[in-house]
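Once you've had a glance at the structure underneath, I'll fire off some questions.
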Amino acid sequence: MTGKGEILPLRASEDVVIVRQRVRALAAQEGLKLVDQTKIVTAASELARNTVIYGRDGTALLEAVEAGGRRGVRLTFEDRGPGIADLQLAMKDGYTTGGGLGLGLSGSKRLCNEFEIESKVGVGTRVTITRWR
Amino acid sequence: MERIPILKMGSFLLVTVQVDMHDQLAMNLQSDLTDKIVSAKARGVLIDISALDIVDSFIGRMLGNIASMSRILDAETVVVGMQPAVAITLVELGLALTGVRTALNIEKGMDLLRASIG
Ligand SMILES: Nc1ncnc2c1ncn2[C@@H]1O[C@H](COP(=O)(O)OP(=O)(O)OP(=O)(O)O)[C@@H](O)[C@H]1O
Ligand SMILES: [Mg+2]
């Protein structure tokens, strides 16, 4: 696996736009089809917004990855915010504490090939997603 | 503050979203449209999203809000020009866009508005 990454800050809603644009560029460069690019950019938008809103301040790591001859894009969203007490609940469609639609976590899981979430109350949250070509 | 322009065409309002909107910009559009529907006595709103390469839960929620808010103000909203890849992604994300009327392009959207307003 290769990892030549780019780290972007996530503090304000404008940062979410920059992450979307950089993820789009990386996904295109890695040869993802248009619809797969759209899926990972949409997932990135959801997770980046969560990082800004709930994590309050965090980062996105964008990496081109390769495994078993396959290429793809891996994104890691990390914050040192309040964390999530009940991950199972947070992953449910429609669950929200912020007056949203509660689709960000569950929806971005559906939009990717791999989805991993780690969170600890008082420590922070890390979500890693991968979309293969 | 940046704003997305709203054009008046007869009794319709036309919004062409041409930038990758950050959340505040989307919120501004929602409130600007509410004001404009009232001040322009608009009967229909056409939102062209053909330049948007994604619609996430936030933009989706905004489109839904605009549709229901305009209905309360006696105006119909039609969203036009959604790219196929965006539509496919929306479904997988789980966003149904219930209550939001859509059409393929501006022309078809206009037809729909005219027909529904009569
Ligand atoms: N990085 C995070 N830190 C702390 N809590 C989080 C984080 N991400 C998500 N959550 C919690 O998980 C819940 C569900 O998140 P999800 O993104 O699915 O929905 P939402 O953000 O509430 O609404 P939507 O994304 O549909 O607008 C949030 O309401 C919040 O309570
Ligand atoms: Mg969210």
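Chain letters run A, B, ... following the sequence lines, proteins first and then strands; every chain starts at 1. Note that the structure is a prediction, hence the values are computed from the model and not measured. Heavy-atom basis, side chains included; hydrogens, waters and symmetry copies ignored.
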Practice prompt. Find out if a path of hydrophobic residues (ILVMFWY) with successive side-chain heavy-atom gaps under 4.5 Å connects M27(B) to I37(B).
Written response: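 Hydrophobic grouping puts M27(B) apart from I37(B).
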Worksheet item: In terms of hydrophobic clusters joined by side-chain contacts under 4.5 Å, are F58(B) and V19(B) together?
Response: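 Different clusters.
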Discussion item. Could you measure the distance from the OG atom of S57(B) to the CG atom of L105(A)? Nearest 0.5 Å is fine.
Written reply: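 The CG atom of L105(A) is 10.0 Å from OG of S57(B), to the nearest 0.5 Å.
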Worksheet item: Stepwise, does the side chain to side chain contact (heavy atoms under 4.5 Å, CB included) test hold for H22(B) with V16(A)?
Response: CA-CA 7 Å; H22(B) 59 81; V16(A) 176; over 6 Å; no
Worksheet item: So does E116(A) have more than 12 non-hydrogen atoms from other groups sitting under 6.0 Å from CD?
Response: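 No, the 6.0 Å shell around CD holds no more than 12 heavy atoms from other groups.
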Worksheet item: Should V38(B) and L29(B) be regarded as members of a common hydrophobic cluster, given that ILVMFWY residues are connected when their side-chain heavy atoms come within less than 4.5 Å of each other, either directly or indirectly?
Response: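 Same cluster: V38(B) reaches L29(B) through Ile, Leu, Val, Met, Phe, Trp or Tyr contacts under 4.5 Å.
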Worksheet item: Taking atom NZ of K8(B) as the centre, does the number of heavy atoms from other residues, nucleotides or ligands within less than 6.0 Å exceed 12?
Response: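 Counting neighbours around NZ of K8(B), more than 12 heavy atoms of other residues, nucleotides or ligands fall under 6.0 Å, so yes.
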Fill in: Nearest-0.5 Å distance that lies between atom CZ in R61(B) and atom CG in L103(A)
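Nearest 0.5 Å value for the CZ-CG distance: 10.0 Å.
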Worksheet entry | Distance, nearest 0.5 Å, that separates CD1 of I88(B) from OG1 of T42(A) |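 Atom-to-atom, I88(B):CD1 and T42(A):OG1 are 11.5 Å apart.
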Worksheet entry | Which of G94(A), G102(A), S45(A) touches chain B most, by non-hydrogen pairs under 4.5 Å |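 Among G94(A), G102(A), S45(A), the one with the most close pairs to chain B is S45(A).
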Worksheet item: Is the number of heavy atoms from other residues, nucleotides or ligands within 6.0 Å of CZ (R80(A)) greater than 12?
Response: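 No, the 6.0 Å shell around CZ holds no more than 12 heavy atoms from other groups.
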Worksheet item: Going hydrophobic residue to hydrophobic residue with side-chain gaps under 4.5 angstrom, can you get from V15(B) over to V78(B)?
Response: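 No; V78(B) is not reachable from V15(B) via cluster members.
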Worksheet item: According to a 4.5 Å side-chain heavy-atom criterion applied to Ile, Leu, Val, Met, Phe, Trp and Tyr, with indirect links allowed, do L33(B) and I4(B) form part of one hydrophobic cluster?
Response: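 Yes: a chain of side-chain contacts under 4.5 Å links L33(B) to I4(B).
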Discussion item. Would you say that L95(B) contacts L101(A) through its side chain, given a criterion of any heavy-atom pair below 4.5 Å between the two side chains?
Written reply: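 Sidechains of L101(A) and L95(B): in contact.
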Fill in: Residues D56(B) and R20(A) bridged, charged N to O under 4.0 Å
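Between R20(A) and D56(B) there is a salt bridge, with a charged N closer than 4.0 Å to a carboxylate O.
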Practice prompt. Would you check if L93(B) and E46(A) make a side-chain contact, meaning some heavy-atom pair closer than 4.5 Å?
Written response: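 Side chain of L93(B) against side chain of E46(A), heavy atoms only: contact under 4.5 Å found.
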Worksheet item: Can you tell if the side chain of Q37(A) reaches within under 4.5 Å of the side chain of D53(B), non-hydrogen atoms only?
Response: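 No, side chains not in contact.
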Worksheet item: Using non-hydrogen atoms only, which part of S108(A) is less than 4.5 Å away from chain B: side chain, backbone, both, or neither?
Response: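 Answer is backbone: N, CA, C or O of S108(A) sit under 4.5 Å from chain B.
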Discussion item. With a 4.5 angstrom heavy-atom cut-off, is it the side chain or the backbone of L90(B) that approaches chain A, or both, or neither?
Written reply: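 Neither the backbone nor the side chain of L90(B) comes within 4.5 Å of chain A.
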Item to complete: Report, as yes or no, whether the 6.0 Å neighbourhood of atom CZ on R71(B) holds more than 12 heavy atoms from other residues, nucleotides or ligands.
Response: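 More than 12 within 6.0 Å, yes.
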Discussion item. Checking I54(B) against R24(A) for the side chain to side chain contact (heavy atoms under 4.5 Å, CB included) test, could you report, in this order, the C-alpha distance in whole Å, the side-chain angles of both residues, the deciding distance, and whether it holds?
Written reply: CA-CA 10 Å; I54(B) 67 148; R24(A) 170 73 65 174; 3.7 Å; yes
Item to complete: Output the option from K109(A), R110(A), E14(A), R49(A) having the highest count of non-hydrogen pairs under 4.5 Å with chain B.
Response: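 Ranked by contacts with chain B, first place is R49(A).
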Worksheet item: Can you tell if the side chain of V17(A) reaches within under 4.5 Å of the side chain of M21(B), non-hydrogen atoms only?
Response: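 Of all side-chain heavy-atom pairs linking M21(B) with V17(A), none is under 4.5 Å.
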Discussion item. Applying side chain to side chain contact (heavy atoms under 4.5 Å, CB included) to L111(A) and T89(B), what does each step give before you reach the verdict?
Written reply: CA-CA 7 Å; L111(A) 292 173; T89(B) 301; 3.8 Å; yes
